[in-house]
Amino acid sequence: MQKKKNKIFGAGTKAKKDYSSIFLIIFIGLFIAIIARAFITDGGTPMGMPGGVTHAKPVELSFSDVLRRAPDIKTMSIRGNDARGVLADGTAYRATIAYDPELLEKLSANGASISIDSSKTWLEHLGTWVPILMGLLFIWWIFRGMRGGPAGGLSRSIMGQNPTKIATGSKTTFKDVAGIDSEKQELMEIVDFLKNKEKFKAVGARVPRGILLSGQPGTGKTLLARAIAGEANVPFFAASGSDFSGIIVGLGVAKIKEIFEMAKRNAPCILFIDEIDAIGQKRSQHSFNDQDREQTLNQLLIEMDGFSNDTGIIVIGATNRADMLDPALLRPGRFDRSVYIELPDLAGRREILNLYSKKVKISESVNLQDVARGTTGFSGADLENLLNEAALHAVRNGRREIATPDIEEARDKILMGPRKLRKMRPEDIKLTAYHEAGHAFVSQMYADVTDPIHKATIIPRGRALGMVQHLPIDDKVSMTIAEVRANLAVSLAGRAAEELFFGADKITTGAESDIAGATRLARYSITTAGLSPKIGMVAVNQAAAFNTRAPLENASEKTAELVDAEIRAWLDDAHARATKLLRANRDTVVRLAEELLKRETLTGDEIKEIINGGTTKTRSAAKKAATKKTQNAEK
């Protein structure tokens, strides 16, 4: 295997060196020829003086001087527009003249000796023919590459080198991949086949010829492909979908042929094509401008399922947009197996954090389980970036290891953006504090059905002036109607607090994102999840493509109006319940807002302590509201 690796690397290096040198020689020759021709045209070619008379510095004469001093000219040798000779007093001269028969007759009449040299020097011939020959050679080279010549001249010369990157002996293994155990299990069969091919042949099993890895960015598609190569210890060819496109028609087809020929010479091997949607998009009858891309796709389809069924090449494709791929590419025999890599769950995030925390210095006081709980929706790449941002923050603050405040700052920066050092009016800061206090209080009142509060802050970040952050105990796959109504009330509690403590004419646009999120949740619950008794268990989800307005699917105009009315009723009810809770516990909310103004950030435990320090009316109101909400849901 080691000899095969050396052979692969040696061949790739030699090809790259040979053709890049030829390419360089051609252009150096063109450059020299053009410079030589320009030099000759400017009169840079020396010309001997007639009569054996030479001077170091001939006198420069203009054309008018030649006409005026015609009787004084003894000899003149003409070559093109350059004239040289000797005057009657023996002075050498040089002049640039225009061809004029009358001038020559006048000089001859005065006894001057005139000679005209019309021959070309070898430099002039070189300047004329070398650019023509070099251009013809370059054009021949291009067409040779387009015909798929043995040297593959076009793909190496125009794009610089072969599109594949050969990476044998990858050090990445499945131990370096965490949080996606089920996906790893799917791919272990590929490794087992590459190591023990005869075992599969004995049963008559055929290993998948192609595997499509899809999922959101940062979930580990490329990492999994490298891990397969590292585990199997076979040649690993990597390329990107954009490598097969170019400005010259036919370039993509030539490159597809070349990469598969290289893979066949080194089978068994793995061919990894990242962002395969760049060449694998769905074909259309009206895509007249994409004929070259479709030809490239056709060639890929032929190579993946040609006449040879046992090539030993396993193609792994990766994409973020599997819905854009052509159906012919996804059929069995090409990409037999499709593996969707989901965002990691709570346990997966904890495994990823454990893996990446070994590469940084992290304090023992940091609870990685809490970090995993607070990073719902983070991909593996996001979690690595989280620890890196935390490490940078620790360095900026003079710490030698990552502490909990560094993790908190990094998470807030990723979720909401960096801190805004903006100067805010005192009334805006106060309104923000009461807005966030309203969210925090109502959320605590529904603590039995909502996620626990992690912290509340009025420090502006990004477009947000403040936030209340929740920390899920575990990952939820669904929501009950009680949870939906509780979350709607929490979302609209900020606007309710503004109205209650500042008046209806003092409300602000700060509740924009709260209202948008509540509307999306209510619309989904009513039109898709079937949680509204008035609409029933009917899917009337909204279809709006390309940001255009569109009617509800499977719904009449009357049903669409009923959906709009039901959404409005749900939001009005949530707003009313939030307002009722805040009005009944006005003093507690004021105390919570004032503490936010003093400290800017309150933890979940501090919020509980402030709320529990109030009257028992708070807790009884919350319990009564939650009970009433549950009874309504059951009805």
Side-chain angles (χ1 to χ4, degrees), residues 165 167-197 199-200 203 205-239 268-277 312-322 325 330 332 334-359 368-369 371-372 375-387 474-475 477:
K165 299 176 182 64
T168 55
S170 173
K171 296 181 180 179
T172 306
T173 63
F174 283 138
K175 293 181 180 179
D176 301 312
V177 183
I180 45 176
D181 294 337
S182 59
E183 289 81 358
K184 285 197 297 184
Q185 187 65 35
E186 288 283 332
L187 299 174
M188 282 181 181
E189 291 182 2
I190 306 301
V191 177
D192 194 16
F193 168 78
L194 292 171
K195 288 183 176 179
N196 307 294
K197 188 175 181 180
K199 180 175 67 174
F200 288 84
V203 184
R206 177 182 61 83
V207 73
R209 294 196 186 96
I211 301 173
L212 180 66
L213 304 178
S214 60
Q216 297 186 28
T219 49
K221 299 181 289 295
T222 305
L223 183 64
L224 269 176
R226 288 204 308 265
I228 293 174
E231 290 283 345
N233 194 26
V234 296
F236 178 74
F237 299 88
C269 64
I270 294 174
L271 175 57
F272 176 62
I273 305 177
D274 199 8
E275 304 298 343
I276 196 172
D277 52 280
I313 304 173
I314 297 177
V315 181
I316 300 178
T319 180
N320 304 325
R321 296 293 308 274
L325 297 180
L330 302 177
R334 291 191 176 114
F335 282 113
D336 304 83
R337 184 174 297 180
S338 180
V339 179
Y340 182 80
I341 305 176
E342 297 182 349
L343 292 172
D345 56 8
L346 178 61
R349 293 195 299 274
R350 177 60 189 272
E351 291 180 12
I352 295 172
L353 288 170
N354 288 338
L355 178 65
Y356 288 131
S357 63
K358 298 176 182 178
K359 302 178 182 179
L368 293 180
Q369 183 67 21
V371 177
T375 51
T376 302
F378 277 47
S379 65
D382 293 331
L383 293 173
E384 182 184 17
N385 184 47
L386 173 71
L387 293 181
D474 50 18
D475 291 324
V477 295

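All residue numbers in this chain count up from 1 along the given sequence. Only heavy atoms go into these numbers, but all of them, side chains included; no hydrogens, no water, no symmetry mates.
For the pair Thr222 and Arg226, the minimum side-chain heavy-atom distance is below 4.5 Å. No side-chain heavy atom of Glu183 sits less than 4.5 Å from a side-chain heavy atom of Leu213.
Here the side chain of Arg349 pairs a donor or acceptor atom with the backbone of Pro344 at under 3.5 angstrom. For the pair Glu231 (side chain) and Phe174 (backbone), a donor-acceptor distance under 3.5 Å is present. Judged by distance alone, the side chain of Asn385 and the main-chain N or O of Ala381 form no donor-acceptor pair under 3.5 Å.
Distance check, rounded to the nearest 0.5 Å: CD1 of Ile341 to CG of Leu224 gives 4.5 Å. Here OH of Tyr356 is found 9.0 Å from CG of Asp176. Values are rounded to the nearest 0.5 Å. Note that CD of Glu342 and OG of Ser214 are 10.0 Å apart. Values are rounded to the nearest 0.5 Å. Taking CD1 from Ile313 and CD1 from Ile270, the interatomic distance works out to 11.5 Å, rounded to the nearest 0.5 Å. Atom CG of Leu386 is separated from atom CD1 of Ile352 by 11.5 Å, given to the nearest 0.5 angstrom.
Between the side chains of Asp382 and Ser379, at least one donor-acceptor pair of N or O atoms lies under 3.5 Å.
Judged as a ring pair (Phe, Tyr, Trp, His ring centres under 6.0 Å), and not counting sequence neighbours, the contacts of Phe200 are Phe193.
Heavy atoms only, all atoms of each residue included: Val339 and Glu186 are closest at CG2-CB, 4.2 Å. Closest of all the heavy-atom pairs between Leu212 and Ala318 is CD1-N, 4.5 Å. Closest heavy-atom contact between Asn320 and Lys221: OD1-NZ, 3.0 Å. Scanning all heavy atoms of the two residues, the minimum distance from Val177 to Ala227 falls at CG2-CB, 4.0 Å. Nearest heavy-atom pair across Gln369 and Leu346 is NE2-CD2, 3.8 Å. Residue Asp277 comes nearest to Arg321 through the heavy atom pair CB-O, 4.4 Å, listed as atom of the first residue, atom of the second, then distance.
The environment of Gln185 atom CD is sparse: at most 12 non-hydrogen atoms of other residues, nucleotides or ligands sit within 6.0 angstrom.
When the options Ile276, Leu325, Ile316 are evaluated for a side-chain contact (heavy atoms from CB on, under 4.5 Å) with Phe335, the one that passes is Ile276.
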Passes side-chain contact (heavy atoms from CB on, under 4.5 Å), Ile228 versus Phe236? Steps please.
CA-CA 9 Å; Ile228 293 174; Phe236 178 74; over 6 Å; no
